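Every heavy atom of this structure was used, including side-chain atoms; hydrogens, water molecules and symmetry mates were not. Model, not experiment: these values are computed from the prediction.
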Amino acid sequence: MPMEKIVKIWLTDTAVWIQTESGREACEHFNDYPRLKYATQEQRERYEADEYGIHWEDIDEDLSFEGFFEKHETTELYKLFMAHPELNVSALARRMGISQSLMAQYVSGKKKASAERISRIYEAVREVGRELVAV
């Protein structure tokens, strides 16, 4: 089913809200997205939206409109990245040579990563850790 047109976007102190042309409303809470959680109100207000979602250039965060209406899975990768907001999911995906979109789908639970892929992701995180320790 195609996504309904989004006619309104607004921010509260704790969430970003959207409204569809049929009047459906949904929100995503800042606490679920470390970059949004730790962003200033001014950074949160500097977003761009298109027909697919919202992008915050300053903090390198993206939310798809579809995701506002989907149940959120708490995957192993989701827990890892929520526990360590200093890790940049997009940068890790680039480092590994996989699509940033695919990595985001693994983290959100929209797609299930194989055990081998999860192992490779954890190894990439450990590699970053070793490089940081060497500094």
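- With sequence neighbours excluded, the residues satisfying side-chain contact (heavy atoms from CB on, under 4.5 Å) with Arg117 are Ile98, Leu102, Tyr106, Ala113, Ser114, Arg120, Ile121.
- Within 6.0 Å of OH in Tyr38 there are 12 or fewer heavy atoms belonging to other residues, nucleotides or ligands.
- Applying the salt bridge (charged side-chain N to carboxylate O under 4.0 Å, His left out) rule to Asp60 yields no partners; only residues at least two apart in sequence or on another chain are considered.
- Evaluation of the side-chain contact (heavy atoms from CB on, under 4.5 Å) rule for Tyr122 yields Glu76, Leu77, Leu80, Ile118, Arg126 as partners, not counting sequence neighbours.
- A donor-acceptor pair is defined here as one N or O able to donate and one able to accept, closer than 3.5 Å; no such pair exists between the side chain of Trp17 and the backbone of Glu25.
- Checking side-chain atoms of Thr75 against main-chain N and O of Val107 turns up a donor-acceptor pair under 3.5 Å.
- Salt bridge annotation for Glu4-Arg24: present, with a cationic side-chain nitrogen under 4.0 angstrom from a carboxylate oxygen.
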Could you go through residues 6-15 and list every donor-acceptor pair under 3.5 Å that involves a side-chain atom there, pairing it with any protein atom two or more places apart or in another chain?
unit_1, atom_1, unit_2, atom_2, d
Thr12, OG1, Thr14, N, 3.2
Thr12, OG1, Ala15, N, 3.0
Thr12, OG1, Ala15, O, 3.3

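- For Glu131, the side-chain hydrogen bond (donor to acceptor under 3.5 Å, both in side chains) partners are Arg95, not counting sequence neighbours.
- Residues passing the side-chain contact (heavy atoms from CB on, under 4.5 Å) test with Ala104, sequence neighbours excluded: none.
- For the pair Gln43 and Ala39, the tightest heavy-atom approach, listed with the atom from each and the gap, is OE1-CA, 3.3 Å.
- No donor-acceptor distance shorter than 3.5 angstrom exists from the side chain of Glu45 to the backbone of Glu42, with no hydrogens or angles considered.
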